[in-house]
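Note that the coordinates shown come from a computational prediction; the quantities given were computed from them, not determined experimentally. Chain letters run A, B, ... following the sequence lines, proteins first, then strands; residues in each count from 1.
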Amino acid sequence: MGLSRREFIKRTAALSAASYVGMHLPFSLEGKARAADADRWVRGSCRLCGVGCRVDLGIKNGKAVALRGVPESRTNLGYVCMKGMLFYKILGHPERLTKPLYRSTKTDKFKEISWDQALDIAAKQFADSVRKHGSDSVAYYGSGQALTEETYLFQKIMRGGLQTNNVEGNPRLCMASAVGGYLTSFGADEPIGGYADIDQASCFFIIGSNMAEAHPVVFRRVMKRKLDNPNAVKIINVDPRISPTSRIADMHLQFKPGTDLAILNAMAYVILEEKLYDEEFISNYSTFRQSKKVEVDFDTYRKFISDYSPENAAETCGGNITADNIRQAARWFAKSNGTVSMWTMGINQRKRGVWANNLIHNLHILTGQLLKPGADSLSLTGQPNACGGVREGGGLCHILPGHRLVKKEKLRNQVELAWGIPKGRIPPKPGYHTMAMFSAINAGKIKAIWVHCTSPAQSLPNADLYRKGMKREDVFIVTTDIFPTKTTELANLVLPTAFHFEKTGVYGCTERRSQITPKAVDPPAGARPEVWIVREWALRLARELNDPVIKKCVEPFIGKEESFDLPKAIWDEYSQKLTKGRDNDLRGATYDVLMKMADGVQWPAPTEEFALTGGTVKKFVRGMDPMADSEARDDKPYQFYGPAHPDRKLWIWLRPQQGPAETPDAEYPFYLSTGRIIDHWHTTSMTGRIPELMRANPYAFVEINPKDAAKLGIKPGDMVEVKSRRGTNVLPAKIYEGPIQGMVFVYWHDMFEDRMINRVTKDAYDPGSKEPEFKICACRIRKVSGPKPLKPYIVS
Amino acid sequence: MPIGGFVISIDPSMEKPILKNLERFGDIEIHGTDDSGNIVAVIDTATSDEMEKLVKTLSRMDGILTVGLTYFNAEDEIEKIEAGEFVPKISFGKKNN
Ligand code: SF4
């Protein structure tokens with residue numbers, strides 16, 4: 001008897017799941033193949049977080065109708081989370097932007113205009129600003145969600161064309177401290193290993209990360225490793241808040257926010273005291289540093305660390321921390337066959353985020369828990385292309401493509417040569433970092449800014465302060481996005497763009513892996529790929545400013561078809577010319593190779609032949625990393641050739657405990673921390689439009705420890721005012737044994753003014769990485785009313 | 001009416017009561033189990049909203065460790081949205097609040 005179409009799809013679903021666990025089902029679909037579920041499948045990456053899961057998008061009649069994980073993919077082994085499963089709905093969402101919108105003053109209503117008009121206006125505004133106020137009066141603010149080709153082309157026009165390094169992006173708000181940590185500890189950005197280490201690790205050290213919610217597919221992998229080896233594998237979770245991640249932990253260290261540097265130093269204390277360090281590894285491959293220029297010896301480090309006895313640290317840290325559990329954590333970490341540390345914003349978004357990163361790396365260097373299978377110090381990225389596009393592609397004010405520092409003349413000249421533009425064209429001074437950029441807008445120093453694929457009006461800390469600047473009539477704001485956002489509300493020109501799978505490009509995820517997503521469906525009529533927008537804008541800019549060098553910047557791309565040939569030409573230029581000989585050598589990762597690979601390529605991958613093997617699983621290891629061989633200076637198995645450490649060593653840092661910029665006091669007695677929830681991602685302009693996700697968590701709430709709630713007479717659902725020195729929110733209460741006593745926690749996805757927590761957070765930032773301390777500030781809370789019916793809010 | 005293929009990972013010692021619990025949900029078809037605590041299931045709900053809720057409920061059940069998706073098809077729902085037969089309950093206007 002023939003199967004009904006639904007029955008066929010159900011069997012397809014069952015067989016797909018069964019194949020993951022090697023289970024045989026009493027039926028097969030052999031000989032019954034038909035296009036019941038999709039006409040064709042297009043392979044790409046999920047766009048909704050930094051894990052980089054590979055998916056096949058099922059297309060039927062030109063529409064995306066289905067999604068399945070890619071089992072051969074080393075990033076996700078075929079699993080996908082619910083958020084990833086639903087993102088395809090964005091593709092056909094009725095509220096997508098499809099027409100360029102313009103208003104000359106921000107109090108006017110937007111009117112629809114043609115693309116020609118829009119591009120003319122954008123070019124004229126930027127050109128006018130450069131003519132009247134100089135090159136540094138214009139800026140670009142991009143995103144870790146933009147494709148590498150987009151970030152690369154934008155920054156090329158800004159630096160090579162308009163001669164400003166005012167190029168920034170939202171990874172400054174989430175990853176900059178991790179970059180600083182890797183550079184200062186290992187001499188090179190991005191992790192040494194990757195997800196493959198999870199499958200061989202015996203100890204997981206998860207700190208400042210609720211990965212169960214923020215990186216669910218990686219969490220699944222950790223959980224699988226634990227379940228397969230329940231006694232041999234230990235999981236340590238270090239966080240002031242009990243989260244779903246703590247569920248699988250053997251030990252959860254809960255402490256007073258901002259005191260974790262003391263815990264990390266105390267673990268190092270135990271490692272020294274109990275001689276758990278790897279003496280040979282330390283003497284072969286590391287040095288001790290007090291500062292970049294001051295090298296010290298092991299004894300000085302020992303002396304420094306002597307202040308951090310577990311007993312002292314337990315006193316500093318409070319919570320449930322005891323000297324015994326610090327000792328136990330250090331032993332598990334040091335003695336395991338392989339330890340993987342993982343962290344996210346709890347470590348990065350801190351006044352001392354770089355130091356916190358250094359102290360995690362210290363533990364790995366001291367114990368030699370690096371470079372071998374199952375051991376790595378692995379910073380997880382939040383966005384799908386913070387690594388690939390922004391960190392590697394030159395998307396921050398101080399870096400050029402290929403991990404080159406702006407301030408180094410030789411490196412600037414290499415870029416100028418590659419671009420065929422005059423020597424000295426790229427200015428030597430780094431541009432404004434994010435917080436300085438928005439302060440410059442407040443001060444009226446920036447007159448035109450292009451905001452791409454992100455919403456700083458909602459995502460900057462102390463948002464009210466910076467929104468004031470964005471509201472200025474003498475600041476012209478262009479935005480490129482797929483939906484209206486809090487920032488498009490403040491823009492003069494809103495340009496509708498193609499979404500993921502509606503255009504082609506490359507993302508680089510957490511583990512140095514570049515993966516291509518080709519166009520699978522047409523964008524809604526009127527929306528265009530950004531690379532086309534930038535090219536056309538640059539050609540107009542060249543005319544406006546009568547500057548042939550600007551035209552030169554896009555010359556190789558003129559006339560290319562926009563959905564594949566154009567991004568391919570941009571990628572070719574970037575990968576072949578700008579990564580050649582750099583530590584992120586991507587020359588082997590051509591579009592041809594990337595299209596062939598189930599899961600992309602890990603750099604360095606200097607040749608196509610090597611890229612086709614998947615690339616470099618472990619950096620710096622001879623025999624695994626071709627650059628460790630080509631750059632070798634001796635016959636040691638590990639070669640640290642990263643650009644930031646001329647001594648080719650790993651640096652163990654002497655970094656003291658330092659608390660947050662603002663601590664609770666009599667007036668503001670609580671710590672406030674913020675974070676992401678599984679169903680939402682960043683400012684909800686995408687996920688907020690997917691009803692399933694909105695219904696699950698329609699609005700932000702404030703999590704309060706039951707003991708604090710009892711003291712303040714707050715009951716579940718009561719409306720609670722959360723007030724800091726900067727702003728106020730009113731949110732419903734969730735009474736929950738999550739945050740430690742004395743701390744409240746708010747999710748940061750809500751767009752409604754009263755529940756937009758970044759109006760309350762503090763804009764202090766790390767002096768090294770310039771990443772703001774979103775994670776910790778002081779606040780006070782009080783009940784304002786009983787429960788109230790609330791509705792979700794999305795900008796329309 | 002979306003259809004999802006799932007691998008539900010459970011504590012193997014709790015297989016019997018968990019399977020019994022799962023039977024209570026009419027939308028879940030169990031296709032197989034193994035000794036390592038894997039259950040292969042197909043979930044077929046009226047809307048993807050319901051599927052999401054159900055997955056959340058399952059994730060919280062005793063003995064269930066993860067609910068992993070491998071395949072998802074929402075063709076019927078998309079057709080309905082396009083035909084205007086299925087209107088999402090939430091409207092996204094700024095006047096909502
Ligand atoms: S874990 Fe991240 S990348 Fe993977 S499916 Fe979920 S949202 Fe997408």
Side-chain angles (χ1 to χ4, degrees), chain A residues 6 9-25 37-38 58 60 63-69 71 78-82 84-86 88-89 92 94-95 217 219-220 223-224 227-228 248 679 688-689 691-696 698 752 754 790-796, chain B residues 1-12 29-34 36-45 47-56 59-60 65-79 81-82 84 86-97:
Chain A
R6 286 195 68 71
I9 293 172
K10 279 189 179 182
R11 288 194 173 189
T12 305
L15 286 167
S16 103
S19 70
Y20 282 40
V21 286
M23 202 182 283
H24 290 287
L25 300 185
D37 60 342
K60 198 169 186 187
K63 300 249 179 295
V65 295
L67 202 75
R68 62 184 185 203
Y79 289 96
V80 190
C81 76
M82 207 63 200
M85 278 288 171
L86 296 173
Y88 67 94
K89 286 191 176 178
E95 286 161 30
V217 171
F219 181 71
R220 186 178 204 290
M223 188 179 251
K224 167 103 179 41
L227 292 177
D228 289 349
I248 56 162
D679 302 314
R689 286 181 167 79
E692 285 79 356
L693 301 186
M694 274 318 267
R695 273 179 222 144
F752 183 60
D754 272 3
L790 298 170
K791 284 182 186 165
Y793 171 87
I794 304 283
V795 178
S796 65
Chain B
M1 283 169 290
I3 294 168
F6 293 83
V7 175
I8 303 175
S9 310
I10 61 161
D11 174 349
E29 285 175 12
I30 305 295
H31 282 269
T33 61
D34 68 17
S36 326
N38 294 308
I39 298 177
V40 166
V42 170
I43 302 184
D44 172 5
T45 48
T47 63
S48 35
D49 179 21
E50 278 173 33
M51 181 171 310
E52 222 247 323
K53 269 195 211 139
L54 182 51
V55 168
K56 273 211 156 149
S59 313
R60 280 191 225 117
L65 303 166
T66 61
V67 182
L69 279 78
T70 65
Y71 175 96
F72 187 70
N73 187 302
E75 180 189 326
D76 291 353
E77 189 167 287
I78 286 168
E79 274 173 16
I81 292 171
E82 286 199 341
F86 173 64
V87 182
K89 280 178 208 146
I90 293 168
S91 66
F92 306 99
K94 36 162 76 161
K95 292 181 190 76
N96 277 348
N97 274 288

Problem set entry | K224(A) atom NZ: more than 12 heavy-atom contacts under 6.0 Å |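 Check fails, neighbour count at 12 or below.
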Exercise. Taking only residues two or more places apart in sequence, or in another chain, which ones meet L54(B) in a side chain to side chain contact (heavy atoms under 4.5 Å, CB included)?
Worked result: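 Checked L54(B) against side chain to side chain contact (heavy atoms under 4.5 Å, CB included); matches are F25(B), D27(B), I28(B), I43(B), T45(B), L58(B).
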Problem set entry | Proximal component of T33(B), with respect to chain A [non-hydrogen, under 4.5 Å] | backbone
Exercise. Which bit of D44(B) comes within less than 4.5 Å of chain A, counting heavy atoms only: side chain, backbone, both or neither?
Worked result: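 Only the side chain of D44(B) comes within 4.5 Å of chain A.
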Exercise. By a 4.5 Å heavy-atom criterion (distance strictly below it), what part of L227(A) contacts chain B: side chain, backbone, both, or neither?
Worked result: side chain
Problem set entry | Portion of Y79(A) that has a non-hydrogen atom of chain B nearer than 4.5 angstrom | both
Can you give me every donor-acceptor pair (side chain of residues 2-9 of chain B, partner residue at least two apart or in another chain, under 3.5 Å) with its distance?
unit_1, atom_1, unit_2, atom_2, d
S9(B), OG, R220(A), NH2, 3.0
S9(B), OG, T66(B), OG1, 3.1

Exercise. Closest heavy-atom contact between D34(B) and M23(A)?
Worked result: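 Minimum heavy-atom contact is N-CE, 3.8 Å.
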